[in-house]
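Scroll down for the structure; my scribbles are underneath it.
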There are 2 protein chains.
Amino acid sequence: MTDPGFAKKPTLKDVARVVGVSVNTVSAILNGGAKADRYSESTCERVRLAACELGYMPNPLARTLKRSRTRLLGVVVISQQDSYYASVLQAAEEVVLDAGYEFVLADMSEDAERLPQCLNLLTAWRVEGILAVLGGHNVDRAPLTQVWDARTPVVLVGAHRPEDPFPCLYLDNTGAARQIGRHLADLGHQRVGILGGYESNAHSMERIEGLRSVFQELGTPIPDSCVVLHRERNYELAAGYQDVELLLERAPGVTAVVCVNDATAIGAMTRLHEMGYSVPRDMSVSGFDDLFLGNASKPENRLGLHVRPSLTTLRMPVTGIGRHAGEALTKLVHATADGVDCELPPAEFGAELVVRDSTAPPRIRAGCARVPRKG
Amino acid sequence: MTDPGFAKKPTLKDVARVVGVSVNTVSAILNGGAKADRYSESTCERVRLAACELGYMPNPLARTLKRSRTRLLGVVVISQQDSYYASVLQAAEEVVLDAGYEFVLADMSEDAERLPQCLNLLTAWRVEGILAVLGGHNVDRAPLTQVWDARTPVVLVGAHRPEDPFPCLYLDNTGAARQIGRHLADLGHQRVGILGGYESNAHSMERIEGLRSVFQELGTPIPDSCVVLHRERNYELAAGYQDVELLLERAPGVTAVVCVNDATAIGAMTRLHEMGYSVPRDMSVSGFDDLFLGNASKPENRLGLHVRPSLTTLRMPVTGIGRHAGEALTKLVHATADGVDCELPPAEFGAELVVRDSTAPPRIRAGCARVPRKG
DNA sequence: CTGAAAGCGCTTACAG
DNA sequence: CTGAAAGCGCTTACAG
């Protein structure tokens, strides 16, 4: 009993009936490949013509059921909303499409608890491999390990944990943070504040630690009062906008604010401006990511260029990470399909310091507080 | 011959064998529903336990092949990159997921020619309906009409064309543009420049026409020299950054620049700043969209608040459009499945003028040119 | 209360 | 050069 509403698509059988041959003949011819050669030119012609006229399209569901391979790859992402992850996915998808696979996407919507159900969705679709884009979020990876142990290839983009059995692509957050730390120290800053993300977020924590290590070594360690962590949705414009005020209350002497990402930094600059601070004269501000809108290849699409002052930040190689992830996953899937082993080492990605106008030497040396008029 | 590499997932047959019942028993019990009642409690228990222990998961491919319905919905989008469309999709997806469907996505990557092949991909997957998000892009809709004629429900988010047989959700671009036109006229502007998109882009053209109509009626029509259209990738930061300079060369007397979207406006403001113009004192600037980063519900996440000066713009109801689209599509699909007719009228969405700091009265009345120092 | 059988649309050895 | 048959994993009348 077919539903009355939906149009039925023609099948192999329909084509076969029209031409007067068997279904396997049609299948062999339409699939091209070596087997099609065995049929006479005229049969091939008639089959192709009929298929075209009927508007025949092979049903990938049926094909997939018969073949042992689905050519489907799963992606589970902590948040599709976040343009950082969206860019990684975009790049990964290009690679994967070129390799003849398709992505099935499951979005955790920032909820760490959702990993098991997302993984269930993907394995139900019989994906041949899974790309997990978790970034710094604190997610229990046991379900991923389970999938891996069941011989489904997994590639993780996120904080590296040595116990993970699957290959991991991760950012050198500590090194990146040390770059900005040294930059600020070179400028003469001695009292730096930090706007971070969740306490449980590895990226946030590594960046904070990296920064602190620089000032620790210089003999001007950053006290806890200069670090503000965010509770709810972090990494947003709104977060920086709110938190910078808190930071200034707690740590009035700071001359620079390092923010855990660009959005936070931009939000912070807006609030600072409202409060009567002039950046970078009264306060240096920096971000992470070098966020872009639209096409990453045009330098003018970097958002940090379009705020006043332009934003000093650390550029993350999102496209490179995405591409690498796509390649690693297809490589693993191929190896698994061929039954051969394939060890992929973890890969670290570095950031590039982009100095713009939001950082400058502190106006008053040696952390003595200046209290501008409140906006 | 199964591939050696991939783990085989347990099937209904495996569960049946373990429990010692037939596959249809297992199927009926696991699918729950009314039929499960016919089986004894103990059988049900044993089946459920075995399924759980084996880690059985129904194969949706096989299920879909047997049933006449896939519960798959297709989405074809002109550009996933564009955060405007991404937000529409996000909202639509939520609705559709709640209704028990899943999205299959095909991205045209800004290439109008790609519609047929995207549609092919989606119909190959036997989607039960298609959401086409084309915005103002000039895309030949014949392939969409064909799909519709083959009784696959289609909902379009994009410029309204009366000949389209499928329901359409569109923006009142003319009305929106007239709002910003009146706002500028009220401020005293008489010579307004425009930064548009492609000539073939309906949104861009409607906005330009709407704006021109206001000044036409006021007796100060906008000459062609005050309108700059963009060729390549429009709607980007880079586009506004480049084009505003061109506009000022061609039309030195303008006191306000209306941009076709926020990104263009932000790019234009940056270049104006570099050239020594002060916005809004020397030049008013406005956008379209009220673009946001991250979570739309927090007002501080609107990007227009974080540029200096903050951006006057027209807020588009992206979330509302997406939700409406999801609802319209599921409604149509349900109707089609039930074999009943369902006419959905086109729906127009209005924009809301958000006045911020980038628009102000012109410093010098009556379009006499002022040439600031070149940056 | 339970099972045998047919079939969704396709592919893949195997025969001829 | 071509076809008959089995089967991928599931569901759905139909028998008993």
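These numbers come from a predicted model, not from an experiment. Proteins come first, then strands; the chains are lettered A, B, ... in the order of their sequence lines, and each starts at number 1.
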How close or far is atom [atom2] of [N] from atom [atom1] of [X], stated in whole angstroms?
{"X": "B:L65", "N": "C:dT11", "atom1": "CG", "atom2": "P", "result": "12 Å"}
{"X": "A:R126", "N": "C:dC10", "atom1": "CZ", "atom2": "P", "result": "21 Å"}
{"X": "B:L30", "N": "C:dT2", "atom1": "CG", "atom2": "P", "result": "15 Å"}
{"X": "B:D14", "N": "D:dC10", "atom1": "CG", "atom2": "C1'", "result": "13 Å"}
{"X": "B:K13", "N": "D:dC10", "atom1": "NZ", "atom2": "C1'", "result": "11 Å"}
{"X": "B:W125", "N": "C:dG9", "atom1": "CH2", "atom2": "P", "result": "16 Å"}
{"X": "B:L61", "N": "D:dC10", "atom1": "CG", "atom2": "C1'", "result": "11 Å"}
{"X": "A:N24", "N": "D:dC1", "atom1": "CG", "atom2": "C1'", "result": "12 Å"}

So does [X] get a side-chain nitrogen or oxygen closer than 4.0 Å to the phosphate oxygens (OP1/OP2) of [N]?
{"X": "B:T11", "N": "D:dG9", "result": "no"}
{"X": "A:R63", "N": "C:dG9", "result": "no"}
{"X": "B:T43", "N": "C:dT2", "result": "yes"}
{"X": "A:R67", "N": "C:dC10", "result": "no"}

Can you find a heavy atom in the side chain of [X] that is under 4.5 Å from one in the side chain of [Y]?
{"X": "A:V47", "Y": "A:Y56", "result": "no"}
{"X": "A:H137", "Y": "A:E110", "result": "yes"}
{"X": "B:L131", "Y": "B:V133", "result": "yes"}

Next on the checklist: Set out, in order, the CA-CA distance, both residues' side-chain angles and the distance that settles side-chain contact (heavy atoms from CB on, under 4.5 Å) for A:W125 and A:T70, then state yes or no.
Outcome noted: CA-CA 8 Å; A:W125 277 99; A:T70 58; over 6 Å; no
Item to check | Complementary nucleotide for D:dA13 - Watson-Crick or wobble, under 3.5 Å | outcome: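 Checking every strand shown, D:dA13 finds no partner, since no pair has both distances under 3.5 Å.
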Item to check | Nucleotide paired to D:dA4 in any strand shown, Watson-Crick or G-U, under 3.5 Å | outcome: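 Pairing partner: none.
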Item to check | Touch class at under 4.0 angstrom, heavy-atom based, for A:N59 against every strand present | outcome: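 Here A:N59 touches the backbone only, sparing every base.
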Item to check | Touch class at under 4.0 angstrom, heavy-atom based, for A:T64 against every strand present | outcome: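 No contact at all - A:T64 keeps every heavy atom at 4.0 Å or more from the nucleic acid.
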Next on the checklist: Can you work out whether B:A62 or B:T25 has the more 5'-proximal nearest nucleotide on DNA chain C?
Outcome noted: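 Taking each residue's closest nucleotide, the earlier one in sequence belongs to B:T25.
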Checklist entry - Of B:S22 and B:K66, whose nearest nucleotide on DNA chain C comes first from the 5' end? => result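 Here B:S22 is the residue nearer the 5' end.
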Item to check | Which residue lies more 5' along DNA chain D, comparing A:G20 with B:Y56 via nearest heavy atoms | outcome: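 It is A:G20 whose nearest nucleotide is closer to the 5' end.
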Next on the checklist: Side chain of B:S27, heavy atoms from C-beta onward: which of D:dG3, D:dT12, C:dG3 has the nearest atom to it?
Outcome noted: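 Nearest listed nucleotide: D:dT12.
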Checklist entry - From C:dG9, C:dC1, D:dT12, pick the nucleotide closest to the side chain of B:S40? => result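 Nucleotide nearest to B:S40's side chain: C:dC1.
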Checklist entry - If you take all heavy atoms of B:C168 and B:G158, which pair is closest and at what distance? => result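 Smallest heavy-atom distance, with atoms named: SG-O, 3.2 Å.
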Checklist entry - Given A:D111 and A:S109, is the side chain to side chain donor-acceptor pair (under 3.5 Å) satisfied, shown in steps? => result CA-CA 5 Å; A:D111 182 355; A:S109 302; over 6 Å; no
